[in-house]
Protein chains: 2
Amino acid sequence: MANIRDVANHAEVSVSSVSNVLNNRTDQMRPETLARIRQAMLELNYQPNRIAQQLKTGQTRMIGLLVPSIVNPSFAMLTREIDRAAKASQYRVLLGNTYRQADEERAFLEDMFAHGVKGVIVVATAMDRPHFVEAARQGLVMVNYDSLMSRDTLNGNPPFDSVSMDNVEAGRLATEHLIQRGCRQLVFVTESSLTISRSHKIEGFFVAAKEHGLQQSARVIEGTAKFAYGDAEMTELGRALAAKILQACPVPDGIVAINDALGIGLMAGLRDARIRIPEDISVIGIDNIPLADLVQPPMSSVIPPLTEMVNMMMKRLLMRIENPSLAPEAFLFAPKLISRQSVIEGEKQHIR
Amino acid sequence: MANIRDVANHAEVSVSSVSNVLNNRTDQMRPETLARIRQAMLELNYQPNRIAQQLKTGQTRMIGLLVPSIVNPSFAMLTREIDRAAKASQYRVLLGNTYRQADEERAFLEDMFAHGVKGVIVVATAMDRPHFVEAARQGLVMVNYDSLMSRDTLNGNPPFDSVSMDNVEAGRLATEHLIQRGCRQLVFVTESSLTISRSHKIEGFFVAAKEHGLQQSARVIEGTAKFAYGDAEMTELGRALAAKILQACPVPDGIVAINDALGIGLMAGLRDARIRIPEDISVIGIDNIPLADLVQPPMSSVIPPLTEMVNMMMKRLLMRIENPSLAPEAFLFAPKLISRQSVIEGEKQHIR
DNA sequence: TTGAAAGCGATACCAT
DNA sequence: ATGGTATCGCTTTCAA
């Protein structure tokens, strides 16, 4: 492949001039010279070598994307958005599945340094662990998605931005919806490993219950998935938990699932047990994966404003790569309710 | 960040010696010198700059992954496998969604050159178009997944490897299964845009029908999705096509769906029309996305041996990067049938 | 066994 | 308006 010197020779100019046109510094250039250089580039099918550019400038137009597992539809949708936003800024996405394993995460971060990647989006992973803190200290710019950590967990100022749906509000919204529709025996169903976003959702569940004097009966039921990152595992867990829920006394009439995958499994399990949804039990999920609309009945859910969130992440990443001294911030986005058919059309009158 | 010269100075040796230990050429080295260098690396927290290494060696340990859309669960599963296989060879994955758009594909390929990526996996995309042929001519090593092209389409020798499920066999297997279970009015349902793999599946459908003297009644019913790459769109299409199928005369008793997403939508649409599955109509999909096991009834499907296929792709990619003169080959993998509950438990006795 | 120096392909400063 | 050249961090050949 032709390099900058070949082009320079071919056009009978210096490499500097070629470099100038590469970098759009053509204002002072004689149009004729410019034309000759352009021509030479075309004829030689010249493509500038980014590796060399990077070595010189220290900039790679790549961002890292660390996800627990791309097979999770929420993360797949997120990834598509990130890819879109990255392209809009002329960036490419370097993907890594880490299954929330510390050694996978560490390896990914190391590779980011090695490949000269300056900015990484870390999805749904607690970032108070040493490898993340250390990477930040070494200058890696990171944005966390959906694992907002408390300041004290990070003793003081977190060294990265954070973008998240307001998970307390999401839990509250889902629960409130059930209550408005007349449910009184509320259960929140979750996987037992506690991530930040999960505990926030649970918090929102209790906030809503309390608001309506239902804190006595409101319960959390949990189970352990083989792997906490997978979607198939989540759905399996949901299916398995249906039995546990039906043993509960009294049997609930409204269920909030920590995420859609679990909720869908739950619905399948309940249906197997001849429970009618929503007549006997109402179910609502959180996250709104595409699948939620395809099951029977279509499942109501709570949805994060994905595009806005991704745009913010990209914006912050680029800003802080440009200006590393910029203080990290936390951004919270309000979720919305998507009402479908898995929640009973009960008493719609305003309660209390 | 410390560089190789800092380490050399700190250890009071030359950069060459440091480079030698980086590249494991320590056999001739005095253990004492080696120890000093190792020590210096640790103390300075030295990480070799891969960009600089790449500029010198021309090698980036990244492979490109071009997918129509990561949101499609089949491609997400594939991506996870590719990520695993890449890590096993110390590679990382550079992801691009192209939505089967020529300009997106072109941009992706250009970026691969720009980033020094030598090998790309191209998923479910016809590669007879000029930008792929040209990229191959310029030395990009590619493996195609699931779009095996006929040799004449590529006039002569295709310039890339190809790994694919035997789609004719997949279509045949699915159809044969329906026939074995007693279905006689067969319909193959598909999206109307014809990819290679799709026409092969249809071919297999007719092969099986013919084998059992059912070619007269066997029909293809198709519809057009808004976007042919999306999963949600596929499912929507399936749902919409249910009506069209029920208008067909005679109404079919066995349906092969071109992929699971469409099959699942179809089942939803049929159920809305009060058709019982599998009692009234049997449905079988192709691809085996995780979802297939979660719908009601769980959908039978035909499954490609994903891990083996991905290992082969990775192996071929690395082989041909090392030795570009290696002739490309096409690899076909036999699919397997996964029997669940969407096909009637009909006459199991051997037919004809 | 270790070191010196050229070179990978760009950029950018300083001349002219 | 254009050119010369040091430089980025590493690899590799050749010399000592």
TODO: With sequence neighbours excluded, tell me which residues meet side-chain contact (heavy atoms from CB on, under 4.5 Å) with Ala102(B).
DONE: Arg106(B), Arg129(B), His131(B)

TODO: Looking at every strand, decide which applies to Ser17(A) at a 4.0 Å heavy-atom threshold: base, sugar-phosphate, or nothing.
DONE: sugar-phosphate

- [ ] Round to the nearest Å and state the distance from Ile51(B) atom CD1 to dT11(C) atom P.
- [x] 14 Å

TODO: Using side-chain contact (heavy atoms from CB on, under 4.5 Å) as the criterion, list what pairs up with Ala135(A), not counting sequence neighbours.
DONE: Leu109(A), Phe113(A), Leu140(A), Met142(A)

Mind listing the N/O atom pairs, protein and nucleotides 13-16 of chain C, below 3.5 Å?
none

Open item on the list: Rounding to 10°, can you tell me the angle the first-five-pair axis of the helix from dT1(C)-dA16(D) to dT16(C)-dA1(D) makes with its last-five-pair axis?
Closed with: 40°

- [ ] Hey, which sits more toward the 5' end of DNA chain D by its nearest nucleotide, Val18(B) or Glu12(A)?
- [x] Glu12(A)

Taking distance alone, no hydrogens or angles, what donor-acceptor pairs closer than 3.5 Å link side-chain atoms of residues 27-38 of chain B to residues at least two apart or in another chain?
| unit_1 | atom_1 | unit_2 | atom_2 | d |
| --- | --- | --- | --- | --- |
| Arg36(B) | NE | Ala11(B) | O | 3.0 |
| Arg36(B) | NH2 | Ala11(B) | O | 3.3 |

Mind listing the N/O atom pairs, protein and nucleotides 6-8 of chain C, below 3.5 Å?
| unit_1 | atom_1 | unit_2 | atom_2 | d |
| --- | --- | --- | --- | --- |
| dG7(C) | N2 | Lys56(B) | NZ | 3.1 |
| dG7(C) | N3 | Lys56(B) | NZ | 3.0 |

Open item on the list: Enumerate the salt bridge (Lys or Arg N to Asp or Glu O under 4.0 Å) contacts for residues 89-99 of chain A, please, sequence neighbours excluded, ordered by first and then second residue.
Closed with: Arg92(A)-Asp111(B)

Open item on the list: Applying side chain to side chain donor-acceptor pair (under 3.5 Å), can you list everything that pairs with His115(A), at least two apart in sequence or on another chain?
Closed with: none

Open item on the list: Please enumerate all residues that pass side-chain contact (heavy atoms from CB on, under 4.5 Å) together with Ile51(A), with sequence neighbours excluded.
Closed with: Asn49(A), Gln54(A), Ile51(B), Gln54(B), Leu55(B), Thr60(B)

TODO: Specify the separation, in whole Å, of atom CD1 of Ile4(A) and atom P of dA10(C).
DONE: 5 Å

Open item on the list: Under the rule for side-chain contact (heavy atoms from CB on, under 4.5 Å), what residues qualify as partners of Val141(B), not counting sequence neighbours?
Closed with: Leu317(B), Arg320(B), Ile321(B)

Task: Contacting residues from residues 25-33 of chain A, given that a heavy atom lies under 4.0 angstrom of DNA chain D - done: Gln28(A), Met29(A), Arg30(A), Thr33(A)

- [ ] Please list, in 5' to 3' order, the outermost nucleotides of DNA chain D lying under 4.0 Å from any heavy atom of chain B.
- [x] dG9(D) to dT12(D)

